[in-house]
J.: 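Supplied in structure tokens, the structure appears directly below.
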Amino acid sequence: MSLHDLWSALEQAPFAVLVRQNELVFPWIESVHVLAIVLVVGTVFIVDLRLLGVASRGRPVTQLAREVLPCTWAAYGLAACTGFLLFSSSAVAYANDLPFRLKMLTMALAGVNMLVFHFVPYRDVAHWDRSVRTPVGVRAAAGISMICWIAIVGFGRWVGFSLN
């Protein structure tokens with residue numbers, strides 16, 4: 001089975017047909033998706049700005065992350081579920097859409113950046129947890145994260161205008 005066949009089959013699932021054919025379902029799901037993305041980006045930026053030494057300078061990174069990241073992950077889960085429902089409604093078209101592909105690629109890059117951050121500079125968080133000026137690798141990861149999430153939002157908006 002090719003990917004095209006898989007996307008075509010997904011489009012025929014009852015939930016995908018409902019999302020595609022009901023004039024109220026798609027906009028409601030899209031609205032929840034956008035609100036979830038806003039929460040993801042907002043909470044990621046709270047942590048990234050702390051890592052850059054721009055905001056929350058008096059708080060340890062670990063404390064801030066412990067307080068903020070559960071909201072980030074909950075919102076990310078909601079965004080992923082609603083995104084999947086939106087994708088399923090026109091999977092073949094989305095899969096062949098350049099802005100959608102760029103959004104997915106950038107999300108993958110954001111994920112790799114997060115993994116590298118957690119496995120390399122975050123290992124030594126005890127040494128810089130309370131420091132206003134974090135190590136270069138930490139600041140680089142935060143900057144890359146912010147750039148990725150801004151691009152994800154931009155590509156997501158472009159998707160909205162690129163499909164009929």
Side-chain angles (χ1 to χ4, degrees), residues 1-52 55-56 61-120 122 140-164:
M1 177 182 256
S2 70
L3 278 178
H4 184 273
D5 294 337
L6 179 66
W7 303 145
S8 294
L10 178 60
E11 285 183 2
Q12 300 314 309
F15 61 87
V17 173
L18 174 69
V19 173
R20 181 174 54 253
Q21 292 182 350
N22 186 302
E23 62 184 44
L24 294 177
V25 173
F26 189 97
W28 275 101
I29 294 171
E30 186 176 35
S31 296
V32 172
H33 184 69
V34 169
L35 289 172
I37 292 293
V38 167
L39 281 171
V40 169
V41 173
T43 56
V44 165
F45 272 42
I46 287 170
V47 175
D48 286 343
L49 289 171
R50 169 58 185 96
L51 295 174
L52 289 169
S56 301
V61 171
T62 54
Q63 176 190 4
L64 185 64
R66 191 172 44 252
E67 293 170 358
V68 173
L69 292 182
C71 181
T72 306
W73 283 110
Y76 185 84
L78 184 59
C81 290
T82 54
F84 174 77
L85 290 171
L86 296 171
F87 175 79
S88 73
S89 70
S90 297
V92 172
Y94 281 115
N96 291 310
D97 185 56
L98 176 63
F100 179 80
R101 287 179 174 200
L102 291 171
K103 179 181 176 181
M104 294 299 106
L105 175 64
T106 309
M107 287 180 64
L109 291 173
V112 168
N113 181 59
M114 178 185 64
L115 285 172
V116 169
F117 170 74
H118 281 282
F119 285 111
V120 181
Y122 197 75
I144 291 167
S145 170
M146 293 178 78
I147 290 167
C148 284
W149 283 105
I150 290 168
I152 290 164
V153 169
F155 291 137
R157 288 303 304 135
W158 188 10
V159 169
F161 292 106
S162 64
L163 292 178
N164 294 330

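Note: hydrogens, waters and symmetry copies are ignored here, and every other heavy atom, side chains too, is used.
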J.: Is there a donor-acceptor contact under 3.5 Å linking the side chains of Ser2 and Asp5?
T.: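 Per modelled atom types, Ser2 and Asp5 side chains form a pair under 3.5 Å.
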J.: Evaluate side-chain contact (heavy atoms from CB on, under 4.5 Å) for Ile150 paired with Phe45, printing each intermediate quantity in order.
T.: CA-CA 10 Å; Ile150 290 168; Phe45 272 42; 3.8 Å; yes
J.: Sub-3.5 Å donor-acceptor pair from the side chain of Asn113 to the main-chain atoms of Ile144, do we have one?
T.: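 Here the side-chain-to-backbone pair does not exist.
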J.: Please name the pair of heavy atoms, one in Val159 and one in Pro99, separated by the smallest distance, quoted to 0.1 Å.
T.: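 For Val159 versus Pro99, the nearest heavy atoms are CG2-C, 3.6 Å.
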J.: Drop me the distance from Leu109's CG to Ile147's CD1, to the nearest 0.5 angstrom.
T.: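 That separation rounds to 11.5 Å.
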J.: Is any side-chain heavy atom of Phe15 closer than 4.5 Å to one of Leu10?
T.: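 Yes, their side chains come closer than 4.5 Å.
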J.: Name all residues meeting the side-chain contact (heavy atoms from CB on, under 4.5 Å) criterion together with Ala65; count only those two or more places apart in sequence or in a different chain, and write none if there are none.
T.: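 Counting only residues at least two positions away or on another chain, Ala65 forms a side-chain contact (heavy atoms from CB on, under 4.5 Å) with Leu69.
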J.: For a quick test of your reading: what N or O donor-acceptor pairs under 3.5 Å do the side chains of residues 25-43 make, sequence neighbours left out?
T.:
unit_1 : atom_1 : unit_2 : atom_2 : d
Ser31  : OG     : Pro27  : O      : 2.8
His33  : ND1    : Ala79  : O      : 3.0
His33  : ND1    : Thr82  : OG1    : 2.9
His33  : ND1    : Gly83  : N      : 3.3
Thr43  : OG1    : Leu39  : O      : 2.8
Thr43  : OG1    : Val40  : O      : 3.1
Thr43  : OG1    : Thr72  : OG1    : 2.6

J.: Report the residues that fulfil side-chain contact (heavy atoms from CB on, under 4.5 Å) with Thr62, sequence neighbours left out, ordered by chain and then residue number.
T.: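 Pro60, Arg66, Tyr122, Val125, Asp129.
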J.: Give me each pair satisfying side chain to side chain donor-acceptor pair (under 3.5 Å) with a member in residues 90-102, each pair once, sequence neighbours excluded.
T.: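 As it turns out, the side chain to side chain donor-acceptor pair (under 3.5 Å) pairs with a partner in residues 90-102, which skip direct neighbours, are Asp97-Ser162.
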J.: Evaluate the side-chain hydrogen bond (donor to acceptor under 3.5 Å, both in side chains) criterion for residues Asp48 and Ser145: first the C-alpha distance (whole Å), next the side-chain angles of each, then the deciding distance (0.1 Å), finally the verdict.
T.: CA-CA 7 Å; Asp48 286 343; Ser145 170; 2.6 Å; yes
J.: Is the backbone N or O of Glu11 less than 3.5 Å from a side-chain atom of Arg20, with the two atoms forming a donor-acceptor pair by type?
T.: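 Yes.
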J.: Looking at His4, I'd like to know if its NE2 atom is crowded, meaning that more than 12 non-hydrogen atoms belonging to other residues, nucleotides or ligands lie closer than 6.0 Å.
T.: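 Counting neighbours around NE2 of His4, 12 or fewer heavy atoms of other residues, nucleotides or ligands fall under 6.0 Å, so no.
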J.: Looking at every non-hydrogen atom in both residues, tell me the closest pair between Asn22 and Leu24 and how far apart they are.
T.: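 Asn22 and Leu24 have their closest heavy atoms at OD1-N, 2.8 Å.
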J.: Not counting sequence neighbours, which residues clear side-chain contact (heavy atoms from CB on, under 4.5 Å) with Leu102? List them please.
T.: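 Leu102 satisfies side-chain contact (heavy atoms from CB on, under 4.5 Å) with Leu98, Phe155, Trp158 once adjacent residues are dropped.
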J.: Evaluate the side-chain contact (heavy atoms from CB on, under 4.5 Å) criterion for residues Leu52 and Met146: first the C-alpha distance (whole Å), next the side-chain angles of each, then the deciding distance (0.1 Å), finally the verdict.
T.: CA-CA 11 Å; Leu52 289 169; Met146 293 178 78; 3.6 Å; yes
J.: Which distance, rounded to the nearest 0.5 Å, do you find between the SG of Cys148 and the NZ of Lys103?
T.: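 Atom-to-atom, Cys148:SG and Lys103:NZ are 13.5 Å apart.
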J.: Just to verify, what does Trp7 make a ring pair (Phe, Tyr, Trp, His ring centres under 6.0 Å) with, not counting sequence neighbours?
T.: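 With sequence neighbours excluded, Trp7 shows a ring pair (Phe, Tyr, Trp, His ring centres under 6.0 Å) to Phe87, given in chain and number order.
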J.: I want to check something: taking the side chain as every heavy atom from C-beta on, are Leu85 and Ser89 in contact at a cut-off of under 4.5 Å?
T.: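 Of all side-chain heavy-atom pairs linking Ser89 with Leu85, none is under 4.5 Å.
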